[in-house]
Amino acid sequence: MQALGINTPPGSGRLSILQRHLTAVPVSGQVATVSHPTSFQYTLDNDLLTTEQRHFYEENGFLVVKNLVSDQDIDNFRSAFEKVCRKELEAPGLVVMRDVVIAKSEFVPDQKAITKIQDFQELPELFRYCSLPQILRYVECFLGPNIMAMHTMLINKPPDAGKKTSRHPMHQDLHYFPFRPAERIVCAWTAMERIDRSNGCLVVIPGTHKGELKQHDYPEWEGGVNKMYHGVRDFDPNSPRVHLVMEKGDTVFFHPVLLHGSGMNKTAGFRKAISCHYASSDCYYIDVKGTSQENIEKEISELARKRYGLEEGITLKDAWFTRARCVKGERLNM
Ligand SMILES: CCCCCCCCCCCCCC(=O)SCCNC(=O)CCNC(=O)[C@H](O)C(C)(C)COP(=O)(O)OP(=O)(O)OC[C@H]1O[C@@H](n2cnc3c(N)ncnc32)[C@H](O)[C@@H]1OP(=O)(O)O
Ligand SMILES: Nc1ncnc2c1ncn2[C@@H]1O[C@H](COP(=O)(O)OP(=O)(O)OP(=O)(O)O)[C@@H](O)[C@H]1O
Ligand SMILES: O=C(O)CCC(=O)C(=O)O
Ligand SMILES: [Fe+2]
Ligand SMILES: [Mg+2]
């Protein structure tokens, strides 16, 4: 907009009208250069997002939609999660993770020690979340019609055991993903109850999705850090953080380069959220060797080697290719 010298008030709808107008003009001379800065990069043409919502995502890298998932659906996911904890439900590939402090302590942990479950793509009771039509309608605005569910999680942030290990360091999810382009990847994250600063809010730094993928490492936290909870190396604690206070069923969609994390759970309850990372099936895999993502590839490869008794590890691409499931349209490259 700077190039056009127009100061568009938020939500006025002028930008979108202008964009439609300009893209209809034959590309020549000054018009072509003028039309460029108005094009959308992070969202696709759609008839769901309001102009205001579309601009909000373009500028900030996230969008909260209130009350998108029903109480009934959430109660069903909660009950399926509890069955997994009690080992009444199982599925191939499912990863059940305990908090580092609890996992490394002497006492025998009960069901409640579970901090998250991942990779529930083979568990219909939970995977249903990833194909909820009201979620996919939004996902399509970012990715287009061919949608893969890449990564699934139900996070059960435990009451902090006094070591602040319930925090999730500030990170960019793209660090874990060997596929591109980043703008055709989005996370849907749904609060399964009210989530605010008392039980460990999702914290975002608006606009950081426009930056680069940064180097991630384990943060130097005295009380320990959970396995694979890498954080950005040079995180400035004075960055303008926004705490996303959400009610049960509210859903945030966010870009994989957006810097985010979550706070400590200071309550006695287990704070629950369910999420899925989606990618367009038009995305393509990249080789992360020689990039900042090499450290996570090594770690995942090593884990797979141990867990499945493989002689050699796996690549990051192998790890994701096997998890990916098509939830809409066609499975192409992914
Ligand atoms: C093939 C895998 C691919 C995964 C791809 C995921 C990509 C993620 C993308 C995400 C994008 C989003 C961003 C994100 O979400 S980032 C966070 C993502 N985290 C993970 O993906 C980790 C998933 N968890 C696991 O794989 C297992 O639960 C682990 C391996 C952790 C334990 O396994 P298991 O339950 O079978 O345990 P065990 O009894 O055999 O113990 C083995 C050793 O592990 C120690 N230990 C236990 N718990 C923890 C802990 N919490 N922190 C540190 N260490 C822990 C334990 O003390 C023992 O060590 P030692 O006593 O021998 O020294
Ligand atoms: N030293 C650090 N390095 C990296 N990330 C950090 C660090 N300290 C805190 N964070 C991250 O900042 C975010 C907010 O953490 P914090 O524990 O301050 O919670 P909070 O929700 O802000 O709670 P409070 O209301 O007490 O401020 C979390 O993502 C947390 O993991
Ligand atoms: O704490 C949460 O619910 C979100 C954690 C997160 O960002 C992640 O697992 O990638
Ligand atoms: Fe994340
Ligand atoms: Mg704080």
Side-chain angles (χ1 to χ4, degrees), residues 61-64 69 74 77-78 81 95-100 114-120 126 129-130 149-160 164-177 179 182 185-206 208-209 211 213-214 216-219 221 225-232 235 241-267 269-279 293 296 299-300 316 319-320 323:
F62 68 95
L63 179 70
V64 177
V69 180
I74 288 172
F77 302 144
R78 176 183 283 266
F81 171 74
V95 173
V96 176
M97 185 180 192
R98 291 168 203 285
D99 180 83
V100 58
I114 290 167
T115 190
K116 69 158 83 172
I117 63 176
Q118 292 191 95
D119 302 326
F120 51 71
L126 286 178
Y129 169 76
C130 307
M150 302 299 297
H151 187 232
T152 54
M153 284 191 281
L154 194 154
I155 305 133
N156 186 48
K157 191 190 277 286
D160 200 273
K164 298 191 181 175
T165 51
S166 67
R167 290 181 302 175
H168 200 126
M170 298 302 284
H171 65 282
Q172 297 165 308
D173 289 339
L174 193 68
H175 174 59
Y176 299 87
F177 301 148
F179 38 91
I185 304 171
V186 74
C187 177
W189 184 99
T190 300
M192 294 176 67
E193 60 197 298
R194 180 182 160 88
I195 300 180
D196 58 29
R197 289 178 80 159
S198 68
N199 58 0
C201 239
L202 204 64
V203 181
V204 302
I205 306 185
T208 47
H209 66 301
L213 176 61
K214 299 183 179 228
H216 288 61
D217 300 295
Y218 281 108
W221 286 352
V225 187
N226 276 304
K227 182 87 175 148
M228 290 187 204
Y229 278 40
H230 294 188
V232 289
F235 175 65
R241 296 185 298 170
V242 171
H243 290 79
L244 300 182
V245 174
M246 291 168 61
E247 302 296 333
K248 183 175 180 180
D250 293 355
T251 301
V252 59
F253 295 91
F254 65 91
H255 186 283
V257 178
L258 185 75
L259 254 176
H260 66 286
S262 62
M264 179 158 112
N265 181 359
K266 298 164 196 150
T267 68
F270 290 76
R271 165 297 233 175
K272 287 182 181 56
I274 186 167
S275 76
C276 181
H277 283 86
Y278 300 93
Q293 293 177 262
I296 190 69
E299 211 174 315
I300 287 178
L316 206 48
W320 289 107
R323 285 169 172 71

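Counting starts at 1 for both ligands and their atoms, in listed order. What you see is a predicted model, and the numbers here were worked out from it, not measured in a lab.
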At the 4.0 Å heavy-atom cut-off, does Y176 count as touching ligand 3?
no
Test ring pair (Phe, Tyr, Trp, His ring centres under 6.0 Å) on F177 and W320; report intermediate values, then the result.
CA-CA 8 Å; F177 301 148; W320 289 107; 5.2 Å; yes
Do F62 and H260 have ring centres separated by under 6.0 Å?
no
Beyond-backbone contact of Y176 with M150, side-chain heavy atoms, under 4.5 angstrom
no
Pull out every atom of ligand 3 sitting under 4.0 Å from any heavy atom of M153, numbered as shown with elements.
8 (C), 9 (O), 10 (O)
Separation between CD1 of I117 and CG of L126, rounded to the nearest 0.5 Å
5.0 Å
Show me which atoms of ligand 3 lie under 4.0 Å from any heavy atom of R271.
1 (O), 2 (C), 3 (O)
List ligand 3 atoms under 4.0 Å from S262, heavy atoms only on the residue side.
1 (O), 2 (C)
Strictly under 2.8 Å, is the Fe ion (ligand 4) approached by any N, O or S atom of H260?
yes
Does any N/O atom on H277 come nearer than 3.5 Å to any N/O atom on ligand 3?
no
D250 with K248: basic N within carboxylate O range, under 4.0 Å
no
Please state whether the separation between the Fe ion (ligand 4) and some N/O/S atom of C187 is under 2.8 Å?
no
Report yes or no: do K157 and S262 form a side-chain donor-acceptor pair below 3.5 Å?
yes
Taking only non-hydrogen atoms of W189 and a 4.0 Å limit, the atoms of ligand 3 in range are 2 (C), 3 (O), 4 (C)
Check whether the ring centres of Y229 and H168 lie less than 6.0 Å apart, and answer yes or no.
yes
With backbone taken as N, CA, C and O and side chain as the heavy atoms from C-beta onward, which portion of H151 lies under 4.0 Å from ligand 3: side chain, backbone, both, or neither?
neither
Report yes if the side chains of T190 and M246 come closer than 4.5 Å at any heavy-atom pair, otherwise no.
no
Considering only N, O or S atoms of D173, the one closest to the Fe ion (ligand 4)
OD1
Nearest non-hydrogen contact to atom 5 (C) of ligand 3 from the set K272, H168, H260 belongs to H168
So the atoms of ligand 3 within less than 4.0 Å of a heavy atom of L202 turn out to be 4 (C)
Mark up the atoms of ligand 3 that fall under 4.0 Å of a heavy atom belonging to K116, in ascending order.
9 (O)
Tell me if the centroids of the rings in H230 and H216 come within less than 6.0 Å of each other.
no
